[in-house]
Amino acid sequence: NMEKSALAHLQFWAELLEPVPNLSKLHVKGALVNKWSTACQDNFRALLKVNPNSTKAMRLYSSYLSEILNEQTQAQDLLQKLQDAEQCKMTARSDAMSEAAFMDEQSAMITFSG
């Protein structure tokens, strides 16, 4: 759907670049832009609902929003969410590694009781 959406946008804007754009063609092409953009966004939202931490899906959707729909604010918001998710993953990995090192058999533990 993303390719169809991109192609529909391209054809719509190409028609607008004509010296005398054909309004009936613009109407048809605009309807296709709307159809494929809606389908593409619905598919991305469904994918992110099923797997909200999919970094590949977030990056691809952000690119689509930015490059095809020119929705810079939404794209930046999604990239920020992606960066936050990646930071959480890195923190969780670091915490897990620290805990694993603490519980390693080579770590010494001294217990005092009084």
* Structure fact -> Applying salt bridge (charged side-chain N to carboxylate O under 4.0 Å, His left out) to Glu15 and not counting sequence neighbours gives none

* What distance separates Leu78 CG from Gln76 CD, expressed to the nearest 0.5 Å? -> 10.0 Å

* ring-ring contact (aromatic ring centres under 6.0 Å, His included) partners for Tyr64, two or more places apart -> none

* Kindly give the cluster partners of Val50, where membership spreads through any ILVMFWY side chain lying under 4.5 Å from a current member. => none

* Asked: Taking only residues two or more places apart in sequence, or in another chain, which ones meet Gln74 in a side chain to side chain contact (heavy atoms under 4.5 Å, CB included)?
  -> Leu65, Glu71

* Asked: How would you list all residue pairs meeting side-chain hydrogen bond (donor to acceptor under 3.5 Å, both in side chains) that involve residues 54-63, not counting sequence neighbours?
  -> Arg59-Glu86

* **Over all atoms of both residues, closest heavy-atom pair of Leu69 and Ser37** => CD2-OG, 3.7 Å

* **CG on Asn43 to OG1 on Thr38, rounded to 0.5 Å** => 10.5 Å

* ILVMFWY network linking Leu16 to Leu23, side-chain heavy atoms under 4.5 angstrom -> yes

* Roughly how far, to the nearest 0.5 Å, is CD of Glu18 from CG of Leu26? -> 9.5 Å

* For residues 6-39, pull every pair meeting ring-ring contact (aromatic ring centres under 6.0 Å, His included), keeping only residues two or more places apart or in separate chains. => none

* Is Met2 linked to Val33 within one hydrophobic cluster, defined over Ile, Leu, Val, Met, Phe, Trp and Tyr using a side-chain heavy-atom separation of less than 4.5 Å? -> no

* Structure fact -> To the nearest 0.5 Å, atom NZ of Lys35 lies from atom CG of Asn1 at 9.0 Å

* Check the side chains of Asn70 and Gln72 for a donor-acceptor pair under 3.5 angstrom, ignoring hydrogens and angles. => yes

